[in-house]
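Right, one structure below, let's go through it.
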2 protein chains.
Amino acid sequence: MSRPETGGRRKPAKIADVARIAEVSVATVSRTLANPEVVAEETRKRVLAAVTATGYTPNLAGRALRARRSMLALVVVPDLANPFFPEVLRGVDETLSAAGYGIIIANLDNSAEKESRYVDLACAGQVDGVLLLCGHVIRGRVRDLRASGLPIVAACERIDGEDIPQVEVDNEDAAARAVAHLIDLGHRRIGYIAGPERNVLDRDRRKGFGRALRAARLDPRKAPAFAGDFTFRAGERAARDWLAMPDATRPSAIFAANDEMAIGFVKTARAAGARVPDDVSIVGFDGIEFADYCEPTLTTIYQPRRDIGATAAALLIAAMTSPKPPSPRFERIATRLMLRDSTAAAPKR
Amino acid sequence: MSRPETGGRRKPAKIADVARIAEVSVATVSRTLANPEVVAEETRKRVLAAVTATGYTPNLAGRALRARRSMLALVVVPDLANPFFPEVLRGVDETLSAAGYGIIIANLDNSAEKESRYVDLACAGQVDGVLLLCGHVIRGRVRDLRASGLPIVAACERIDGEDIPQVEVDNEDAAARAVAHLIDLGHRRIGYIAGPERNVLDRDRRKGFGRALRAARLDPRKAPAFAGDFTFRAGERAARDWLAMPDATRPSAIFAANDEMAIGFVKTARAAGARVPDDVSIVGFDGIEFADYCEPTLTTIYQPRRDIGATAAALLIAAMTSPKPPSPRFERIATRLMLRDSTAAAPKR
DNA sequence: GAGGCCGTTGTAATCGATTACATTGGACTC
DNA sequence: GAGTCCAATGTAATCGATTACAACGGCCTC
């Protein structure tokens, strides 16, 4: 083991260096690495020895330029700090990296400027495909991602009106099951803590909420809705509004469009003396890990986030690999209602 | 706006296309984009018009090859699903992307094979720098990251014996403050829930734990330690062990090496009838968001994770930008003890 | 022994951008 | 009017790999 010279950056060996040392042409070196079977045994040994001697690694920029593929995928996340995504990313990572792809993470953070930059990046041919977890096709100021012809797959948040492969759970149906559970427990006055306005997840879950109510001959229009945005804080605000309601109209059960809001609600409601689930039952959505560690543990719809990521990645690989048709294919992932301690029979009135 | 032809991938325009349309040479196009001031007003207008007309974006592989820099950084995370990291990544992302860098995320997930692949990726000149959040210099089977001469910065987990810039909090000191807080409350029998063995964070926090005990003339060797690994489950196991201890030796306070274990401990202890903080006080470490939403809210050491990420990214940018010296520079980020409801005066015996 | 085949290797074009150097032509100076 | 300078632009080398095509030589066959 020879120590690298100290100070200054060491120039990495290139294919020509290897070729010189092995006393062959660059073509032979390249072949030895890509198609070992076509070079003679003896030559192969010489080349491999030279490779180890020089510590040669093919320069990916050169390869990407020539081969017209970078083996990188762009994964667009609306907000990395949201505990929902890391587990999805894990599934994505597992699948993509098993297939030899690297991942560039695009964290939008609600910045149109970043969004535009990532569109440029994608259109610059630096990535072989784009995985959207953000509910819309990212838009650039000048460039258009769709027009680039890059393979695109969407997951987590459905994108309406685009014919791209998508992976999602049946949010409407899952929400309906959650609410039906509350109805089965005898609750008749059920409130909804909403996601951000115009968010597709909110729309679907709200629809499921309404559907379940109607199925029980309850009027969704009379059901109280609390504005929200998927954050703990929103749940806390909803709880304050809930506490301020007169007893006659205050819901005995709440369906929150995600777990964090449900947990925020519980915290503030309990702090004000309300008992959960005795005074109010609550169901969340997502099944984040913490939902099993809050007090009381949270009944929720579990989404297999890792599977979602893995499935989406598989679709993307298919799209990047197959030569032609990005035939839009939809994958549905099943959810599960996890019964825990935040729901109980409606109090007798 | 002309619609892209449907079906088949559209070939992106290249610099030669722009040059042809603008009736100039490729050099002029390149200059117009990189140094607009050196081309004549009139020419510049023609070129820019041609750029918009063709929707031209420079191919990054070509640029990276020629310019010998990819404007990408590799960020190595031990485990994306750990809620500690996303917020760090956010800080990293903000700073790096403001400087025009993209981020490739390397999620190690405890796989030596992945680790080796990422070393290869880095050594292949595909990235301009490496940010390690994983406590060790990643090792390849063949390639050596240190020998590549790439700028490297470490954060979150100190890496001993390597002269690279690092960003960290004073874990020992913070732990000592946490434990001193328990001692101030009158606790004399204090337990420690540990991190993974040989983990540098565990070592430092354990040292701080011992230091605070000794400062109060207590013997650290007599303090019960519970094995752990930073997960909820580990906290639950510790609680079961704690519950099984005889009253005479059972600690009245616990310092957990991170918040998740503290929360897991509380869950299981309470489920068995123990009251927190009346029967047992507990302090965590990290200050993850959940720590303020569990029951009771958790007293903990808050680490400004976003700052850590941003600072590390800034050091990396400095290293990638400056031509020569990767002079090892250490940055210390201050922590804060957040007093909440999981700690109270020791019960009278 | 000439021709053909095939396994092995080399030569050189190519991917798309950047940039050192060369060239052009107009303005200005003496 | 010749010479100088400079702004503007073009020509072509270059980054490092892949790969089509060509070349070479040995062996087999008829």
Side-chain angles (χ1 to χ4, degrees), chain A residues 9-48 50-51 54-72 120-121 123-128 148, chain B residues 9-48 50-51 54-72 120-121 123-128 148:
Chain A
R9 285 177 203 159
R10 192 68 166 307
K11 273 213 190 110
K14 42 187 175 177
I15 199 169
D17 300 327
V18 178
R20 188 162 17 80
I21 294 183
E23 300 183 296
V24 295
S25 71
V26 294
T28 300
V29 176
S30 180
R31 275 189 291 254
T32 307
L33 267 28
N35 298 79
E37 66 277 9
V38 307
V39 317
E41 167 81 27
E42 205 270 333
T43 318
R44 198 188 319 155
K45 268 197 264 174
R46 274 213 324 279
V47 171
L48 292 179
V51 166
T54 54
Y56 169 72
T57 313
N59 176 306
L60 293 183
R63 173 179 291 178
L65 178 59
R66 174 67 222 229
R68 300 160 153 289
R69 45 190 266 150
S70 60
M71 295 305 281
L72 287 173
D120 290 349
L121 181 76
C123 293
Q126 181 73 325
V127 299
D128 296 340
S148 76
Chain B
R9 285 178 203 160
R10 191 69 165 309
K11 274 213 191 110
K14 42 185 176 176
I15 200 169
D17 300 328
V18 177
R20 189 160 19 77
I21 294 184
E23 299 182 295
V24 295
S25 72
V26 295
T28 301
V29 176
S30 181
R31 276 189 289 254
T32 307
L33 267 28
N35 298 78
E37 67 277 9
V38 307
V39 318
E41 166 81 28
E42 205 270 333
T43 318
R44 198 188 318 156
K45 269 197 264 177
R46 276 214 321 280
V47 171
L48 292 179
V51 166
T54 53
Y56 168 73
T57 314
N59 176 307
L60 294 182
R63 172 178 293 179
L65 178 58
R66 175 65 223 230
R68 300 160 155 290
R69 45 191 266 152
S70 60
M71 295 306 280
L72 288 173
D120 289 348
L121 180 76
C123 294
Q126 182 73 325
V127 300
D128 296 341
S148 75

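In what follows, chains carry the letters A, B, and so on, assigned in the order in which the sequence lines appear, proteins first and then strands, with residues in each chain numbered from 1.
- Listed pair A/Ser25 / C/dT11 fails the phosphate criterion, with no side-chain N or O lying under 4.0 Å from OP1 or OP2.
- Nucleotide C/dC15 holds its P atom 14 Å from the CD1 atom of B/Ile15, rounded to whole Å.
- The side chain of B/Lys14 approaches C/dG16 more closely than any other nucleotide in the set C/dT18, C/dG16, D/dG10.
- Look at B/Tyr56 and you won't find any side-chain N or O under 4.0 angstrom from OP1 or OP2 of C/dG16.
- Rounding to the nearest 0.5 Å gives a distance of 10.5 Å between CG of A/Leu60 and SG of B/Cys123.
- Atoms CD (A/Glu23) and C1' (C/dT8) sit 17 Å apart, rounded to a whole Å.
- Atom CD of A/Glu41 and atom P of C/dG7 are 16 Å apart (whole Å).
- Between A/Thr28 and C/dT8, a side-chain N or O to OP1/OP2 separation shorter than 4.0 Å is absent.
- For A/Ala27, counting side-chain heavy atoms from C-beta on, the closest listed nucleotide (C/dT9, C/dA17, D/dT19) is D/dT19.
- For the pair B/Arg31 CZ and C/dA22 C1', the computed distance is 12 Å after rounding to whole Å.
- Using a distance-only test at 3.5 Å, with no hydrogens or angles considered, a donor-acceptor pair links the side chain of A/Ser70 to the main chain of A/Gln126.
- Among A/Ile21, A/Asp17, A/Val18, the one residue that satisfies the side-chain contact (heavy atoms from CB on, under 4.5 Å) test with A/Val51 is A/Val18.
- One can place CG of A/Asn35 at 17 Å from P of D/dA17, the figure rounded to the nearest angstrom.
- Taking only side-chain nitrogens and oxygens, A/Ser30 comes nearer than 4.0 Å to OP1 or OP2 of D/dT18.
- Counting heavy atoms from C-beta on, the side chains of B/Asn59 and B/Pro12 never come closer than 4.5 Å.
- Heavy atoms of B/Thr32 sit nowhere under 4.0 angstrom from any nucleic acid atom.
- Between atom OG1 of residue A/Thr28 and atom CZ of residue A/Arg31 there is a gap of 5.0 Å, rounded to the nearest 0.5 Å.
- In this structure, B/Arg63 CZ and B/Thr57 OG1 are separated by 10.0 Å, a value rounded to the nearest 0.5 Å.
- Going from atom CD1 of B/Ile15 over to atom OG of B/Ser25 covers 8.5 Å, rounded to the nearest 0.5 Å.
- Looking at residues 58-72 of chain A, you'll see A/Leu65, A/Arg66, A/Arg68 sit with a heavy atom under 4.0 Å from some atom of DNA chain C.
- Between the CG atom of A/Asp17 and the C1' atom of D/dC15 there is a distance of 13 Å, given to the nearest Å.
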